[in-house]
Amino acid sequence: LTYYSLYFISWNRKLGAWIAQRRAPSVAKKYDEIGGGSPILEWTKKQGSLLTDLLNERNVSSAPHKYYIAFRYTHPLLDATLQDISRDGVERVVVFPQYPQYSCSTTGSSLNQLAAFLSTNKLSAAANDNLKKVSWSVIDRWSLNSGLIDSIVDLIQKEMKNKLDSSMDPSKVMLLFSAHSLPLYVVERGDTYTTEVASTVMAVMSRLQYKYPFRLVWQSKVGPLKWMSPYTDKTIKAYAGKGIKNFVVVPIAFVNEHIETLHELDIEYGEDLRKELKLENIIRVPTPNVHPAFIEGLHQEVSRHLSSQDVCSAQLKVTCPHCTNPSCSQMRKWLEGLSKRHQ
Ligand code: FES
C-alpha cells in the first residue's frame with residue numbers, strides 16, 4: 001500500500017498549553033458565543049478532502065493520496081495521528097502545516113514535536129518501526145502561494161462590492177490586514193513570521209494595485225509580555241479618532257474560520273467596537289476556507305514539493321540567530337538525516 005499522505009497541522013493555541021490554561025474560562029464562553037465550538041476541524045477536513053481529490057485526479061504517479069490531520073493542543077493530537085499513519089502502512093508523508101507563514105512558535109514547535117516523536121521511540125514498538133520506514137518531507141512555508149493570494153484578493157473584492165457603497169472614495173476605506181500577534185521576544189530572537197506575513201500583505205496589495213490605504217495589524221495578544229503591534233482594536237480606535245469610518249478587516253494568517261475570526265474580529269470588533277465608536281462599517285473578509293483558488297493553491301504547493309524532491313526549504317535548515325532551544329537543533333538534525341536518505 002503506497003499512500004502519499006498529507007499531514008495538516010492547524011493553527012491552534014499556538015503559544016502553548018500555558019496560554020490555553022490561562023484562557024480556558026474566557027475561551028469556553030467565547031466558544032458558546034460562536035455556536036458551541038470551533039469549526040477548524042471541519043474546515044480542515046473539507047480542505048484535505050478537496051486537495052486529495054485533486055491530487056488523485058491529476059498526480060496519478062503518486063496516487064492514492066490520503067490526508068491526516070494533527071493539531072498541536074487539541075484532538076486529533078499528533079501521537080494518535082502517527083499511530084493511524086503507521087497502521088495504514090504509509091510509505092511517504094508530506095508534512096504540510098496550515099500556517100502559510102512560518103513561525104517557530106507554530107510550525108517550528110509542531111515540527112519539533114514531530115521530530116521528537118520520530119526520534120525517541122515514544123510510540124508503540126510497531127508504530128516506531130513502521131514510521132522509521134516512512135519517507136518524510138516538509139512544506140514549511142508558503143506565504144506567497146498564488147492560490148492563497150488569489151483567494152484573498154477575490155474575497156476582498158467580493159466583500160467590498162457587496163457591502164460598500166460603490167461611489168465611496170477608495171482613499172476613505174482603510175484595509176486592515178490582521179494577523180495573530182506573537183511576543184516581541186520571539187521576533188527579536190529572529191523569527192521570520194512577521195516578515196512572511198508582510199510578504200503576503202504586499203502580494204495582495206500589489207494585486208489590488210495599492211488602491212486603498214492599508215496597514216498590517218496584530219491581534220489576539222494574551223498575558224503581560226510585549227507583543228508585536230500595532231494591535232487591531234487600537235488601530236481601529238486610532239483611525240476612528242482621525243475620522244475614518246469604514247474599515248475592511250482581512251485575516252491574513254488564518255486559512256479557515258475559528259475563534260479568532262468568528263469571535264474576536266466579528267463580535268468584539270465588528271459589532272461591539274463598531275457600535276462603541278459609531279463607525280459606518282467594519283467589514284470582515286472571510287478566510288480562504290474552501291475557495292476554489294485556495295484549493296488550487298494547496299494542490300500547486302504539494303505538486304511542486306513532490307516534484308522537487310526537497311526535504312524542506314533552505315530557510316528551515318537554519319535556526320534563529322538567537323535560538324537557545326535544544327529542540328530546534330534536534331529537529332534540524334532529524335531533517336539532516338532525512339536529506340541524507342533522500343540523496
Ligand atoms: Fe527559532 Fe529555535 S526559536 S529556531
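We count ligands from 1, going down the list as the structure has it; atoms in each ligand are counted the same way.
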ask   = Would Arg58 and Glu296 pass as an ion pair if we require N to O under 4.0 Å?
value = yes

request  = Report the part of His322 in contact with ligand 1, treating N, CA, C, O as backbone and CB onward as side chain, heavy atoms under 4.0 Å; options are side chain, backbone, both, neither.
outcome  = neither

message = When you measure from the heavy atoms of Met331 to every atom of ligand 1, does any distance fall below 4.0 Å?
response = no

query = Hey, are Lys45 and Glu42 close enough for a salt bridge, meaning a charged N less than 4.0 Å from a carboxylate O?
reply = yes

request  = Report yes or no: does Thr200 contribute a side-chain atom to a donor-acceptor pair with the main-chain N or O of Glu196 at less than 3.5 Å?
outcome  = yes

ask   = If you count the atoms of ligand 1 from 1 in the order shown, which ones are under 4.0 Å from a heavy atom of Cys104?
value = 1 (Fe), 3 (S), 4 (S)

task = State whether Cys323 contributes an N/O/S atom found under 2.8 Å from atom 1 (Fe) of ligand 1.
result = no

Where ligand 1 meets Arg332 - atom numbers and elements under 4.0 angstrom, heavy-atom basis = 4 (S)

ask   = Is Asp154 salt-bridged to Lys158, cutoff N-O under 4.0 Å?
value = yes

ask   = Taking atom NZ of Lys234 as the centre, does the number of heavy atoms from other residues, nucleotides or ligands within less than 6.0 Å exceed 12?
value = no

request  = Verify whether one side chain among Thr44 and Gln98 offers a donor that lies under 3.5 Å from an acceptor in the other.
outcome  = no

note = closest protein heavy atom to atom 3 (S) of ligand 1 is Arg189 NE, 3.4 Å

query = Which protein heavy atom lies closest to atom 4 (S) of ligand 1, and at what distance to 0.1 Å?
reply = Cys320 N, 3.3 Å

